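The block underneath contains the structure these notes are about, expressed in structure tokens.
Residue numbers begin at 1 in each chain, while the letters A, B, ... track the order of the sequences. Everything numeric here is computed off the predicted structure, so don't read it as measured data.
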There are 2 protein chains.
Amino acid sequence: MSNLSVELEQAFQSAALRPTAQRYAVLEFLAGHPVHATAEEIFHAVNRSDPRASRATVYNNLRSLAKAGLVRELVSEGKAARFDANLHPHHHFLCENCGAVEDIPWFDLPSAVGRSALGERVVRRYEILFRGHCDRCRRPDGGPGLVKPDGNEGAVI
Amino acid sequence: MSNLSVELEQAFQSAALRPTAQRYAVLEFLAGHPVHATAEEIFHAVNRSDPRASRATVYNNLRSLAKAGLVRELVSEGKAARFDANLHPHHHFLCENCGAVEDIPWFDLPSAVGRSALGERVVRRYEILFRGHCDRCRRPDGGPGLVKPDGNEGAVI
DNA sequence: CGCTTAAGTTAGACACAGTCTATATTTAGA
DNA sequence: TCTAAATATAGACTGTGTCTAACTTAAGCG
């Protein structure tokens, strides 16, 4: 049995989720594809090989896996929800020009920051979404011009 | 002419957007309702009073207003997109128990933080999404117990 | 083992959010 | 006033996600 299988089964165990073939296939796909897959892509990927899963099952499993913290639903504005295996926490960057969603390595918010703004709330997790222009869109023609869409280039951080 | 009208017209002016009746109605509604309205709610609100607007127009205007920075599309995971008038920037808090979305007063990320993680990207804006339990859900029965869903209470920030 | 029961799976109908198209109207500016 | 470009419109259409009711499987127990 491969390392991955062991790892996944342990993850199920500790999350108290039954390791069904369909659920396993969903998690395995996400663990092996470090991209931000849509539910639809996952649905097709799973149904290409064996344990088949209906659309409802894929959604059910994504939800139960997300609840258990094994998978994360991406925060974004696109129409189709995207998911990734929640192995390493990270922030996200959304390119306003080409729409790409990129991972930003995790860094902590200094704990003093935001304390008072949050009041009595209990914060379990957080994530920062940056927007701007990715590496490829930074200078549209390789030229020295400014970024296209609305003209005002300038880092805010 | 009211203060608000003047303010809105100036906003259009500076954004180089034509102040059409429909566009005005959309922005006026958002400015007057500091909640996170869905496109559908805005559509209905606008069509209750005069300048009527078709569904497509509401969506078009929300997009053009968002592009101009007068309106902001909320980052979240629900199915229907939500918008607010972008008067004061703020972060968001999502209650994992009751689903409420709350505004968190704006605070800047210290500029040193994240610099290296972002590489060459040009960051225009950013927003932090916190998740956890809101004030009301913090102690389910008013009792001293822990938060329900998965048991492990504890602030991370 | 062989039951029992609760959790999970299924196909496909359904509901809803958002987009598109082709045409008509309005605005800004000359 | 006239023209070109921007914007508005109705409603059909697409894609994403949910629901239902019947069926299957996993886990615990005697």
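Distance from the side chain of B/Pro19 is smallest to C/dA28 among C/dA28, C/dG18, D/dT18. Between D/dT18, D/dT9, C/dT19, one nucleotide has an atom nearer to the side chain of B/Arg63 than all others, and that is C/dT19. Closest contact between the side chain of B/Arg18 and the listed nucleotides D/dC19, D/dA5, C/dG8 involves D/dA5. For A/Leu17, the listed nucleotide lying nearest its side chain is C/dG8; candidates were D/dT16, C/dT19, C/dG8. In this structure, of D/dG17, D/dT9, C/dA17, it is D/dT9 that holds the atom nearest to the side chain of B/Asn60.
For B/Ile42 and C/dG18, the CD1 to P distance is 10 Å, given to the nearest whole Å. A straight line from CG of A/Leu62 to C1' of D/dG17 spans 11 Å, rounded to a whole angstrom.
Both tests hold for A/Arg121 against B/Phe93: distance to the six-membered ring centre under 6.0 Å, angle to the ring axis within 45°.
For C/dT26, neither phosphate oxygen OP1 nor OP2 lies less than 4.0 angstrom from any side-chain nitrogen or oxygen of B/Gln22. Taking 4.0 angstrom as the limit, A/Asn61 places a side-chain polar atom (N or O) nearer than this to OP1 or OP2 of C/dT9. An OP1 or OP2 oxygen of D/dA8 is reached within less than 4.0 angstrom by no side-chain nitrogen or oxygen of B/Ser54. The phosphate of C/dT9 has OP1 or OP2 within less than 4.0 Å of a side-chain N or O from A/Thr20.
Both B/Arg55 and B/Ala21 sit near DNA chain D, but only B/Ala21 has its closest nucleotide nearer the 5' end.
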Steps toward salt bridge (Lys or Arg N to Asp or Glu O under 4.0 Å) verdict (B/Glu127, B/Arg72): CA-CA 11 Å; B/Glu127 149 173 16; B/Arg72 177 160 70 147; 3.4 Å; yes
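Remark: A/Glu73 does not engage A/Arg63 in a salt bridge, criterion side-chain N to carboxylate O under 4.0 Å.
Residues B/Phe107 and B/His91 bring their aromatic ring centres within 6.0 Å.
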